[in-house]
A.B. asks: 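Got a structure for you, questions after.
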There are 2 protein chains.
Amino acid sequence: MQKNGKVVLFSEAYKVLHGDDLLMREYLGGKGAGLAQMTNAGINVPPGLTINTKACVDFMNSENHLPERLMEEVFEKLSVIESIIGRRFGNASNPLLVSVRSGSRFSMPGMMDTILNLGLNDETLNGLIQLTSNERFALDSYRRFIQMFSDIVLGIPKENFENVLRKIKEKNKANSDIDLNVSMLKDVIENYKRIVKEKTGKDFIQDINVQLRLAVEAVFKSWNNPRAKYYRKLNRIPDDIGTAVNIQSMVFGNMDNDSATGVAFTRNPANGEPQIYGEYLICAQGEDVVSGIRTPLPIAQMKKDMPAVYRQFVDCAKKLESYYKDVQDIEFTVESGKLWVLQTRIAKRTAQAAVKIAVDFANTNILTKEEAISRIDPLLLNQFLLRSFDIKAKETAQNEGRLLTTGLNASPGAAIGKIVFDPDESEKLFQSGQKIILVRIETCPDDIHGIASAQGILTSRGGMTSHAAVVARGMGKPCVVGCEMLKIDLENELINCNGHNLKKGDLISIDGTTGQVFRGEIKTQEPKVSEELKILLKWADEIKRLGVRANADTPEDATRAIEFGACGIGLCRTEHMFMQQERLPWVQKMIMATTVNEREEALNKLKPFQKHDFKEIFRIMKNLPVTIRLLDPPLHEFLPKHDELVSEISERKAKKLDTDKEETLLRKVKQLRETNPMMGLRGCRLGISYPEINKMQVQAIFEAACELIKDGIDVNVEVMIPLIGEANELKVVKNHLEDTAKEVMRKYNLQVNYKFGTMIEVPRAALTAYDIAEHAEFFSFGTNDLTQMTYAYSRDDAESNFLSVYLTEKILNENPFEVLDIKGVGRLMKIAVEEGRKRKPSLKIGICGEHGGEPRSISYAEEINLDYVSCSPYRIPVARLSAAQARIKNKKLYTTA
Amino acid sequence: MQKNGKVVLFSEAYKVLHGDDLLMREYLGGKGAGLAQMTNAGINVPPGLTINTKACVDFMNSENHLPERLMEEVFEKLSVIESIIGRRFGNASNPLLVSVRSGSRFSMPGMMDTILNLGLNDETLNGLIQLTSNERFALDSYRRFIQMFSDIVLGIPKENFENVLRKIKEKNKANSDIDLNVSMLKDVIENYKRIVKEKTGKDFIQDINVQLRLAVEAVFKSWNNPRAKYYRKLNRIPDDIGTAVNIQSMVFGNMDNDSATGVAFTRNPANGEPQIYGEYLICAQGEDVVSGIRTPLPIAQMKKDMPAVYRQFVDCAKKLESYYKDVQDIEFTVESGKLWVLQTRIAKRTAQAAVKIAVDFANTNILTKEEAISRIDPLLLNQFLLRSFDIKAKETAQNEGRLLTTGLNASPGAAIGKIVFDPDESEKLFQSGQKIILVRIETCPDDIHGIASAQGILTSRGGMTSHAAVVARGMGKPCVVGCEMLKIDLENELINCNGHNLKKGDLISIDGTTGQVFRGEIKTQEPKVSEELKILLKWADEIKRLGVRANADTPEDATRAIEFGACGIGLCRTEHMFMQQERLPWVQKMIMATTVNEREEALNKLKPFQKHDFKEIFRIMKNLPVTIRLLDPPLHEFLPKHDELVSEISERKAKKLDTDKEETLLRKVKQLRETNPMMGLRGCRLGISYPEINKMQVQAIFEAACELIKDGIDVNVEVMIPLIGEANELKVVKNHLEDTAKEVMRKYNLQVNYKFGTMIEVPRAALTAYDIAEHAEFFSFGTNDLTQMTYAYSRDDAESNFLSVYLTEKILNENPFEVLDIKGVGRLMKIAVEEGRKRKPSLKIGICGEHGGEPRSISYAEEINLDYVSCSPYRIPVARLSAAQARIKNKKLYTTA
């Protein structure tokens with residue numbers, strides 16, 4: 001761009017704007033910048049020029065007058081293009097045609113106007129016929145140009161032309177545009193010209209210079225058409241930045257048999273294999289590929305049929321990949337043996353391909369390992385770990401009317417099984433080898449064995465963090481929740497959904513990735529963890545600073561955690577251990593106890609179970625840390641539900657059966673009933689009210705540890721006390737329990753490697769972290785509860801009530817139970833980290849809420865310098881990759897700060 | 001105290017220690033410091049000396065050896081005392097007797113040893129007989145001295161002496177000690193001496209110098225006796241600071257008929273009248289006053305009988321008051337016409353007296369107004385506003401076995417009435433002029449009319465912030481909650497309490513100040529707001545910076561608010577307006593509506609009611625600000641309770657009655673049921689889900705305002721949007737409602753003086769106050785909810801479950817629902833104030849939670865620079881005084897900082 005020049009060739013733009021991407025986008029718009037970059041990278045791009053955005057701004061500011069000398073500049077540059085391409089604008093035998101397109105700094109797809117084939121008039125039409133030896137093509141190009149130009153520049157509504165076209169097709173019994181032959185097209189053109197004459201009082205413009213000027217003006221004007229203005233308002237794009245105009249020479253893939261057109265990927269987008277992948281048609285224009293009348297050839301064929309072009313192609317693909325450092329999806333045209341790239345963009349790909357490509361690029365030094373790692377969306381990794389439905393099979397099912405409804409995609413993956421409504425039955429059928437989908441209105445902790453034994457879970461109520469959703473995600477089981485269309489009749493074991501009736505035992509397929517629910521069975525495909533993923537995660541581990549632990553409650557979870565690369569257990573919930581069928585009666589006895597003695601007796605029965613569980617888990621984890629959380633939920637969760645008991649009693653009474661036991665239970669249930677159980681008697685408050693419970697658990701933990709140490713197995717125990725909100729709570733509970741621990745160690749005459757610490761899950765805990773740190777050796781953020789309290793959102797209620805409204809109305813940008821709220825919850829965490837470490841620099845700090853497996857939340861964990869995150873075993877690969885990405889981002893910030 | 005001296009006379013101590021109170025307490029102990037100060041103030045104190053605490057420390061550090069030369073110093077100083085008092089230690093005809101007492105820096109009442117009448121032996125006994133002309137007194141003094149000295153110094157258990165005394169009394173048929181005559185006492189002394197000889201092998205020590213040395217050593221040793229050590233541990237008093245020893249001359253009120261002894265207040269402690277108030281006995285010793293055989297005379301009598309002494313008395317009272325700047329409670333002895341003050345302390349007094357005294361002191365310049373204000377415990381003011389039970393009548397009732405139980409003193413005051421269990425019946429009986437005590441297991445918003453019509457409320461469940469407690473305090477109605485001994489049988493309308501049975505209609509009396517519940521009626525006394533209180537509060541208003549507003553939901557509340565001196569309404573809850581009987585059906589229709597139209601129809605019926613309420617309140621408040629909170633509670637609170645509906649349906653079914661209506665209601669109740677309603681669909685979430693509700697309320701507010709403005713009445717409206725946790729919520733709701741407000745104002749063609757603002761009651765609101773302030777003109781801290789969320793304590797559950805354990809076990813020092821938690825909740829408030837004002841310096845900020853009427857919380861409100869506090873009308877005097885005190889404290893901090 002010369003001094004004050006407003007027009008620049010693609011081939012000079014990069015230099016003029018110093019290769020500055022932002023500057024290029026500002027002056028040339030996104031499309032212009034891309035064309036300049038490709039040209040600069042040595043890619044064969046049909047030559048052209050860009051009128052910069054400032055010209056548009058001047059145009060708008062001067063009541064739609066083109067800046068002085070603008071068209072002169074355009075024609076000067078155009079002559080350079082003519083000499084490159086070897087054709088001349090307006091030349092009757094060898095005419096140069098151009099496209100005129102808008103292109104602003106921000107992408108506004110389809111909002112502004114584009115004109116193709118400009119440069120055609122009655123004379124150059126003949127030139128085009130000669131050039132392409134294809135009269136039909138030339139005529140069709142001309143009639144399209146007349147329609148487009150008349151619509152956009154002259155303001156003649158295109159319906160006028162469509163009507164003519166329709167009539168001529170009817171007259172000739174032509175079904176589609178391609179059935180129009182030369183004489184029919186001539187007829188169309190005559191009629192089009194007549195319309196222009198009628199509507200404007202003038203002949204269709206034959207002066208191609210005037211055509212070009214009017215086209216430029218039209219593109220500038222289209223910046224302010226109503227749909228563009230609306231789009232900018234919606235997307236907060238400023239109104240005063242204007243658009244650039246790109247004038248590019250047109251090339252012809254239908255010139256001869258050495259010409260072709262097609263689309264290709266520089267690598268295989270399905271599996272990432274390093275070979276060019278795509279299709280082409282010889283002697284054809286772009287739309288021929290799309291229209292599907294001729295079957296395109298695979299690119300591999302080109303190697304044989306057009307070896308010289310294929311060489312250009314390989315060279316071009318290499319250049320593009322190394323320039324953009326990514327696999328490209330390109331549109332190309334071959335004109336008389338010369339390859340022209342019309343457009344290139346980053347190629348969409350599968351998760352498997354993405355990982356393979358990133359690893360291959362790093363291995364061939366196109367990317368650094370850091371760049372390769374940063375390139376992968378961590379959530380894609382889920383696809384490696386899950387079965388999924390075959391996409392075609394799903395489409396077929398949908399066409400067959402088997403899609404019943406779509407709920408919330410609570411836990412991804414595909415599951416097929418027989419409908420079962422009762423968790424006990426689910427467990428029984430599972431043991432007899434059957435595959436089950438557990439269908440419930442909503443689930444509760446009692447249902448855990450039913451969930452564990454099912455292939456997938458389906459509920460009609462509850463949100464993304466309802467019990468079913470959380471537990472299923474924890475187990476890596478497909479789950480669809482909140483299917484409100486599902487009318488579940490538990491009593492008769494029937495479902496009605498949109499008029500479909502299903503009964504117990506019917507086969508259904510649920511897609512936890514999309515939330516779809518199908519009647520019958522759908523074909524699935526196996527998950528596959530590729531070698532490349534293993535390599536990528538190894539690199540991630542080398543880079544990341546954050547530890548990644550697993551939330552694991554059972555030996556099975558622990559084994560899986562190790563397989564997926566966890567460096568410890570960050571949350572082992574002991575309540576799930578209480579839920580198993582042979583234990584629950586003792587748990588209920590413990591709750592129903594009226595004296596400390598009775599309670600201790602029940603606890604003594606439970607201790608061997610807990611001890612056994614702990615031993616198994618410790619044995620698997622060896623010297624890796626295992627954080628065990630003492631009993632947390634309100635006790636009523638271990639008893640039957642109030643309403644169920646009431647109806648059971650009335651049923652038994654009706655049958656004249658004894659109801660003593662049920663009434664005693666009901667009395668206790670009533671006594672334990674709370675208005676807001678989430679903020680009631682739970683967590684450490686239980687342990688302070690009934691110290692025997694915690695004591696039994698700590699005995700079980702330390703006895704298990706001592707017995708393993710005796711067998712020569714290392715153990716690394718972290719005892720976590722939940723729901724602390726005040727330092728004194730922790731002091732009292734911890735002192736009591738450390739005494740218990742020491743007693744056990746004295747008995748065994750052994751020293752266990754142990755720590756006591758607390759969850760930070762109540763806002764006040766974060767606010768008083770300085771005091772709490774005195775009594776804790778570690779903090780673990782319970783971000784689920786911390787989010788609930790910080791927002792005053794009850795998870796059980798919010799998602800089914802107002803949270804969906806909040807998300808659709810953009811009052812909240814994210815569901816804070818999925819993505820950590822940095823402004824509020826995150827701020828509390830930062831306070832806790834800073835002040836906790838001020839009191840105790842050695843304090844170990846992690847997250848054990850569900851956010852521990854969510855990439856953006858992990859990024860924040862890195863930012864505030866946590867020691868680790870902990871998540872469900874299935875999330876560990878995601879977390880490892882996210883942790884590495886966060887580290888890379890954070891190091892960059894640190895370096896540039 | 002000379003250089004390194006360890007002994008100091010009372011008369012020189014003040015000067016030696018530069019009148020430095022802390023230093024005096026450190027060296028002389030509390031008692032020694034008091035004696036030194038009184039002496040310095042020119043009060044006749046029996047002369048004496050103090051051995052300082054450092055001597056005790058030396059004693060302990062040198063294995064219980066008295067510091068070198070200590071006793072020499074003591075005897076040197078003692079000779080000065082001898083010359084002042086005109087008697088000599090050990091002199092056979094005119095003996096000086098002394099007391100030897102401990103006295104440490106911190107009060108440890110009764111923990112260490114004291115010896116009286118030291119200086120008596122067989123010889124000085126005769127001198128005492130001559131001196132007092134009272135052989136019996138002298139002998140009795142001697143036998144007491146022998147017993148005390150033998151016990152404390154010689155370690156002979158006092159049971160030995162008690163046994164002898166008992167036997168001699170039995171032999172002589174003497175009922176009590178005072179029946180012992182001279183010859184019997186001689187017998188006792190002989191026997192006492194025999195015991196000493198038997199136990200120690202030596203005669204009772206006759207050398208009075210040795211007596212004194214041993215007594216000093218014994219007091220020092222008593223610093224480390226087990227009970228003193230235990231007491232120090234309990235009260236966190238250091239073990240190494242030691243005690244001082246005070247050796248003081250004894251004076252004799254039984255010397256002659258110009259001698260006397262007694263106790264007196266420098267002003268009347270019942271009503272604060274400025275006259276000496278007390279009793280005395282001529283020719284008597286202290287214990288004679290206590291023993292009650294002789295009837296003491298009122299001090300007024302002294303003016304006639306002993307005018308010279310009375311003049312000394314008046315002079316002394318004046319000196320004491322101006323020295324201590326407070327009313328004193330003194331013990332005195334007159335010896336031969338000379339007044340000696342033995343002890344003085346700040347006089348306990350009634351609230352009425354406290355206020356009168358403070359005002360009188362300020363009016364006579366003994367105190368500044370600031371000091372007078374700071375002197376009064378604000379909570380005392382409650383006594384001015386409440387009827388109370390006559391104390392004697394309560395004692396009688398208790399002796400008659402009429403005290404049924406004691407619950408939590410939820411709302412102070414005395415109430416008598418007939419037991420009623422049903423709120424509707426309560427209202428009916430009230431309308432027929434009866435006095436009712438509403439007895440419920442617990443209350444809910446439906447019961448509001450029953451509470452309003454009752455004299456007082458009694459519940460068997462719930463804590464200090466249960467619904468009953470909060471509503472009763474708001475109404476200034478006596479309330480006792482959480483009486484767990486009360487077994488309430490609602491069905492049969494019976495109560496069983498500790499075996500007592502009561503039924504509907506029985507009279508009971510409840511004392512909300514103490515939590516006591518009595519059967520039958522107890523005499524009450526009227527409250528009285530004195531002129532002095534009015535003056536004091538006027539001064540408080542001149543000094544305070546914080547505004548004091550009222551939480552007022554009705555015109556009656558508003559009137560009361562103005563009477564008590566509120567400068568506005570800080571919280572007008574609109575839900576109470578929905579609860580009235582003629583409105584509730586429309587509220588329920590609104591909730592049951594299935595379409596927006598239906599809902600709007602019901603709302604249109606409600607609007608006139610709301611508008612009428614607002615007009616009445618605005619008319620009373622005129623140009624004072626009125627903050628109206630839009631509908632806040634979850635909608636299910638306006639519907640019948642789930643369990644009640646279920647049983648109603650089954651009852652109706654049994655009677656073959658139609659249950660359609662009930663079942664429709666039940667479906668809605670089930671639909672609205674939430675697991676944790678406190679954190680569910682309420683506050684602004686309601687307004688976002690059902691914008692029509694808020695819209696109706698804002699229309700009612702602005703129509704009311706406009707109609708009053710038309711009548712020439714000023715209005716100052718603040719519309720408050722509850723439960724905001726995210727700036728976007730407020731933005732959406734406020735924009736919508738401000739449009740509604742403008743529409744109304746356009747319709748009336750009037751401009752209302754209004755603001756929109758929000759509650760800060762969710763932790764995230766405080767944490768994101770900077771963003772929220774953009775859309776708010778005021779913040780009002782809802783400290784009740786903020787405390788719930790910050791601690792994760794559900795008010796409805798915590799107090800009846802674990803909070804009482806937490807308080808008794810000192811895990812929490814205060815109930816955070818009563819006294820603001822500064823560390824956690826207060827910190828959030830500080831963040832919100834600082835960051836809210838950073839965004840919008842004009843932001844007006846107040847508290848409208850119950851803490852707004854609590855003195856320590858008000859002090860914090862002053863500290864963080866809030867604009868106002870708002871509390872129930874009955875709390876306003878307390879808040880005005882507290883605000884002034886906080887201002888004074890804060891200004892001091894500011895000045896000395």
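Chain letters run A, B, ... following the sequence lines, proteins first, then strands; residues in each count from 1.
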A.B. asks: Check each atom of D771(A) against the heavy atoms of chain B and say whether the ones under 4.5 Å are side chain, backbone, both or neither.
C.D. replies: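 The side chain, not the backbone.
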A.B. asks: Could you tell me if the side chain of M679(B) sits less than 4.5 Å from the side chain of D797(A), heavy atoms only?
C.D. replies: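 Not in contact.
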A.B. asks: Determine the option with the most heavy-atom pairs under 4.5 angstrom with chain A, choosing from S794(B), A798(B), G725(B), G824(B).
C.D. replies: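 Of the options given, most contacts go to S794(B).
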A.B. asks: Kindly compute the distance separating CG (L730(A)) from CD1 (I811(B)), expressed to the nearest 0.5 Å.
C.D. replies: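 Output value for this atom pair is 10.5 Å.
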A.B. asks: Got a sec: does the CD of E651(A) have more than 12 other heavy atoms crowding it under 6.0 Å?
C.D. replies: yes
A.B. asks: Side chain, backbone, both or neither: which part of D785(B) has a non-hydrogen atom closer than 4.5 Å to chain A?
C.D. replies: neither
A.B. asks: Let me know if T675(A) has heavy atoms under 4.5 Å from chain B in its side chain, its backbone, both or neither.
C.D. replies: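 Contact with chain B involves both backbone and side-chain atoms of T675(A).
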A.B. asks: Could you report the tightest heavy-atom contact between S689(A) and F802(B), atom names first, then the distance?
C.D. replies: OG-CB, 4.2 Å
A.B. asks: Is it the case that more than 12 heavy atoms not belonging to E663(A) sit under 6.0 Å from its CD atom?
C.D. replies: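 More than 12 heavy atoms, drawn from other residues, nucleotides or ligands, come within 6.0 Å of this atom.
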A.B. asks: To the nearest 0.5 Å, how far apart are CG in D643(A) and CG in D643(B)?
C.D. replies: 6.5 Å
A.B. asks: Can you tell which of A766(B), A727(B), A765(B), P677(B) has the highest number of heavy-atom pairs within less than 4.5 Å of chain A?
C.D. replies: P677(B)
A.B. asks: Quick check on R599(B): does its CZ atom have over 12 non-hydrogen neighbours (other residues, nucleotides or ligands) under 6.0 Å away?
C.D. replies: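 Buried by this count: over 12 neighbours within 6.0 Å.
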A.B. asks: Let me know if E674(B) has heavy atoms under 4.5 Å from chain A in its side chain, its backbone, both or neither.
C.D. replies: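 When you check distances to chain A, atoms from both the backbone and side chain of E674(B) fall under 4.5 Å.
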A.B. asks: Is chain A contacted by the side chain of T790(B), its backbone, both, or neither, given a heavy-atom distance below 4.5 Å?
C.D. replies: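 Both the backbone and the side chain of T790(B) come within 4.5 Å of chain A.
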A.B. asks: Looking only at heavy atoms, what is the nearest atom pair of I688(B) and Y806(A), with distance?
C.D. replies: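 Here I688(B) and Y806(A) meet closest at CD1-OH, 3.3 Å.
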A.B. asks: Measure L786(A) against the heavy atoms of chain B and call it side chain, backbone, both or neither at under 4.5 Å.
C.D. replies: neither
A.B. asks: Could you walk me through whether E726(A) and L812(B) pass side chain to side chain contact (heavy atoms under 4.5 Å, CB included), step by step?
C.D. replies: CA-CA 8 Å; E726(A) 155 61 43; L812(B) 294 177; 3.9 Å; yes
A.B. asks: Does any backbone or side-chain atom of E729(A) lie under 4.5 Å from a heavy atom of chain B? Answer side chain, backbone, both or neither.
C.D. replies: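 Looking at E729(A), backbone and side chain both touch chain B.
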A.B. asks: Find out whether T768(B) and R827(A) are in side-chain contact, i.e. whether some heavy atom of one side chain is under 4.5 Å from a heavy atom of the other.
C.D. replies: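 The answer is no; the side chains never approach within 4.5 Å.
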A.B. asks: Any chance the side chains of Q788(B) and N676(A) put a donor and an acceptor closer than 3.5 Å?
C.D. replies: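 On atom types as modelled, these side chains do not qualify, holding no pair under 3.5 Å.
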A.B. asks: For K731(A), which atoms come within 4.5 Å of any heavy atom of chain B: side chain, backbone, both, or neither?
C.D. replies: neither
A.B. asks: Side chain from CB out, backbone as N, CA, C, O: work out which of these in V732(A) comes under 4.5 Å of a heavy atom of chain B, or both, or neither.
C.D. replies: side chain
A.B. asks: Which one of V825(B), D821(B), T787(B) satisfies the side-chain contact (heavy atoms from CB on, under 4.5 Å) criterion with R764(A)?
C.D. replies: D821(B)
A.B. asks: Roughly how far apart are L767(A) CG and Y791(B) OH, rounded to 0.5 Å?
C.D. replies: 10.5 Å
A.B. asks: Is it the backbone or the side chain of R685(B) that comes under 4.5 Å from a heavy atom of chain A, or both, or neither?
C.D. replies: both
A.B. asks: With chain A as the partner, which of E761(B), E835(B), K810(B) has the greatest number of non-hydrogen pairs under 4.5 Å?
C.D. replies: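 The option with the most such pairs is E835(B).
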A.B. asks: NZ of K668(B): more than 12 outside heavy atoms within 6.0 angstrom?
C.D. replies: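 Yes, because the 6.0 Å sphere around NZ of K668(B) holds more than 12 heavy atoms from other groups.
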A.B. asks: Would you kindly say whether E809(B) and N728(A) are connected by a side-chain donor-acceptor distance under 3.5 Å?
C.D. replies: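 Side-chain D/A pair, E809(B) to N728(A): absent.
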